[in-house]
2 protein chains.
Amino acid sequence: MQHQETNFFKEQLRTGEALYLPSISVDCVIFGFHAGQFKVLLLKYKHNNKWALPGGFVYKDEDVENAAIRVLNERTQLKDIFLQQFYLFGDVERSKEKHAEKLLQEEGIEDIDAHWLQQRFVTAGYYALVEYNKVKPVPDALSSECTWHSITDLPDLIIDHKQIIEKGLQVLRRQLNFQPVGYNLLPEVFPIKELQLIYETILGKKLDRANFQRKILSYGILDKKEKHYSGGAHKAPYLYSFNKESYFKALENGLAKEW
Amino acid sequence: MQHQETNFFKEQLRTGEALYLPSISVDCVIFGFHAGQFKVLLLKYKHNNKWALPGGFVYKDEDVENAAIRVLNERTQLKDIFLQQFYLFGDVERSKEKHAEKLLQEEGIEDIDAHWLQQRFVTAGYYALVEYNKVKPVPDALSSECTWHSITDLPDLIIDHKQIIEKGLQVLRRQLNFQPVGYNLLPEVFPIKELQLIYETILGKKLDRANFQRKILSYGILDKKEKHYSGGAHKAPYLYSFNKESYFKALENGLAKEW
DNA sequence: TTATATTGTGTCAAGCTGACACAATATAAC
DNA sequence: GTTATATTGTGTCAGCTTGACACAATATAA
C-alpha cells in the first residue's frame, strides 16, 4: 500500500508536466486549536527531514481552489473544510532554494535539470480552519510524518513556508470579525472560555473574561445548552453551540464591536 | 510611434512563450476618486470594442507584484503607486470565453490554436489607489482608449473582469480601516468633506458630517492648514493634509472605531 | 444687501468599554 | 465528610463613544 502510493507519486512526478498547470502550486495552512494553543499541520519530507506545508499542484482542468480542497482532504481525511485563499506568493526569489532538486534525486528521477518541478513556481496560500480532534493526519508519499505543530514553536521549514504561515495568521487576525473562526475550530458544543482562548490567541492579547462573555452573548449567536461540563475542581460552565443562522448573518456585517 | 508600439506588441505575442511565466497574468483595478464618485481605469480593445482591466504577464525572472507595477506605470504614467494584491482568480471556467482567439486573429498571428495566449490563465487581482488628477491614461497597443469609468456605471467587460472589480471593491471595503485610502486617493491638501465622501462611497452609506469630522480628527492623523478653500456660495472649510507618520502608525492597528 | 449653502462647534441621551467585585459551585485534598 | 481551590455567572460603575440634532459663522450668488 505504502509502496503503491510511492509509485503513484513517482509516476506523477514523471507525468506532471502533462497533468498540471505549469508554474503554479497551492499551499495550505491548516489551523487547529488544542489545549489552548493554535496548531498547524505540517509534513516532514523524507529526503531532507525538513518540514513543509501540505501543498500540491493544479490539474489543467481544475479550479485552483479545488486543488487546495484536494490537498486538505488527503491530509486530514475531512470533507467540507472551511477554506480561505489569502495570498499569492509570487516572488522570483522563492524558487531559488532548489528544494526540488534533492527531492528528484532522492526519488530516482532522471533528467533533473529539465524537470518541470525545477521550474519557477508561484504558490497560492490557503488557510483552513478545522476541528482538531476530527483530523486524522496522513503523510503523503514523499513524507514520513504529518503532525500538528504549535505556531509558537515551528520547526525548520522549506523555502518561504514560515512566511506563508505568518501571512496566513496575519490575514486571519484582520478577518477575525468576518470569518466563522469559532464555528470551524471548535466542536459542536463548547464552553465560552474556549472561544475566548481562540480570540485571545488570534488577537495576541488577554481579554477580560466577564466582558468577553457579555459581548459574545450580546450578538445572539450562541445557544445555551442544558448540559454541563465536567472538568477541573471548580464551578462547571454552561456549554454553548453556535446558532448557525444568526452567526452567519452577523458575520456578513462583521462582529463590529471591538475586542 | 503608434505603429512601432503595435509592432513591439506583435513581437511580444509571438515570443511571449519564451518571455513570460506560463498560465499566470495580473489584472489591475485602478481606483480614482473624482466629483464625489469612485472610478476605475479601463481599456477598450480594438478588436472587439469590449472593455477590460489593464493587465499583463509576468516575466520569467520578475516578481508577480512587479508585473502589476509595470502595468500601472504604463497605463497611468505614475510611479510609486499604492498597490495591493487582493485575490487570485483561478477557476477553469474563466478561460472559456476564448477572448484571446479573436485578438490573435485580428493581430494576424498564425498558429492560433497552439498559441500560448490560448492556454488557460489564472490571474492575480491587484487594486491600486491613485490621485485622479495626476493620472495621464495611456492605452496599450491593443486598445483604442484608456478612460475612467464610474463604478456605478460599468460598460461591458471581457471574461470575469466585472467580478474582479467587484471583488476588489469588497476587499477594499473590508480593509478600509487598515489601508491609506484617503492618502492615496486625495491630493496633498483637501477639505474633510472629500475624505468623508470617500468613506461614504466605500462603505455604501451616508455618514453624519459632524460626527465624521470629530472622529477623524480624534485620531490625530490630520494636520490643519491655514489656507482656505475656494468653492461655492458658503462658508469655506479648512484644508487638511495627512500627517504621514501618525497616519501610518494608526493604520497598523486599524482605525478601530466604527463609522 | 440679502439669500443660500455649507462649515465649525456644541449638546445630550443612550449605549458600550474596561476594570473590578462577589457569591456560587464542581472537584481535589485532607 | 469537610475544607480548600479554581473558575464561573452575574453585578456595578465611571468614563468614553455614538448618533442625532442644534445653531451661529461665513463665502459666494443673486
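Between the side chains of R70(A) and N73(A), no donor-acceptor pair of N or O atoms lies under 3.5 Å. Residues D27(B) and T123(B) have side chains that bring a donor and an acceptor to within less than 3.5 angstrom of each other.
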Problem set entry | Dot-bracket pairing map - DNA chain D, Watson-Crick plus G-U, both contacts under 3.5 Å, | cross-strand | ||||||||||||||||||||||||||||||
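Between K235(B) and A233(A), the residue anchored nearer the 5' end of DNA chain D, judged by the nucleotide with its closest heavy atom, is A233(A).
Checked against the 6.0 Å centroid criterion, the rings of Y87(A) and F89(A) qualify as a close aromatic pair. Y126(B) has its ring centre no less than 6.0 Å from the ring centre of F86(B).
Between the CD1 atom of I192(B) and the P atom of dG8(C) there is a distance of 7 Å, rounded to whole Å. Between the OH atom of Y219(A) and the P atom of dG15(C) there is a distance of 16 Å, rounded to whole Å. Between the P atom of dA28(C) and the NE2 atom of H234(A) lies a distance of 10 Å, rounded to the nearest Å. Taking atom CZ of F212(B) as the reference point, atom C1' of dA20(D) lies 17 Å away to the nearest angstrom. Y240(B) has its OH atom 12 Å from the P atom of dT7(C), to the nearest Å. Rounded to a whole Å, the NZ atom of K225(A) is 19 Å from the C1' atom of dG9(D). The distance between atom CG of L197(A) and atom P of dT8(D), rounded to the nearest whole Å, is 9 Å. Rounded to whole Å, the distance from CD1 on I216(A) to P on dT8(D) is 16 Å.
Cation-pi geometry between K224(A) and Y240(A) is not met: the NZ or CZ atom fails to fall both under 6.0 Å from the ring centre and inside 45° of the normal.
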Output side-chain donor-acceptor pairs under 3.5 Å for residues 174-183 of chain B, partner residues at least two apart or in another chain, one line each.
residue: Q175(B); atom: OE1; partner: Y127(B); partner atom: OH; Å: 2.7
residue: Q175(B); atom: OE1; partner: Q179(B); partner atom: NE2; Å: 2.9
residue: N177(B); atom: OD1; partner: W259(B); partner atom: NE1; Å: 2.8
residue: N177(B); atom: ND2; partner: L255(B); partner atom: O; Å: 3.1

Let me have the donor-acceptor pairs involving side chains of residues 153-169 of chain B, under 3.5 Å, with sequence neighbours excluded, atom names and distances please.
residue: D160(B); atom: OD1; partner: R94(B); partner atom: NH2; Å: 3.1
residue: D160(B); atom: OD2; partner: R94(B); partner atom: NE; Å: 2.6
residue: H161(B); atom: ND1; partner: L53(B); partner atom: N; Å: 3.0

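Residues satisfying the ring pair (Phe, Tyr, Trp, His ring centres under 6.0 Å) test with F242(A), not counting sequence neighbours, are F190(A), Y247(A). Contacts of S246(B) classified as side-chain hydrogen bond (donor to acceptor under 3.5 Å, both in side chains), with partners at least two apart in sequence or in another chain: N243(B).
Distances shorter than 4.0 Å separate none of the side-chain N or O atoms of K215(A) from OP1 or OP2 on dC16(C). The phosphate of dT9(C) (OP1 or OP2) has no side-chain N or O of Q213(B) nearer than 4.0 angstrom.
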Contacts under 3.5 Å, N or O only, protein and nucleotides 20-22 of chain C:
none

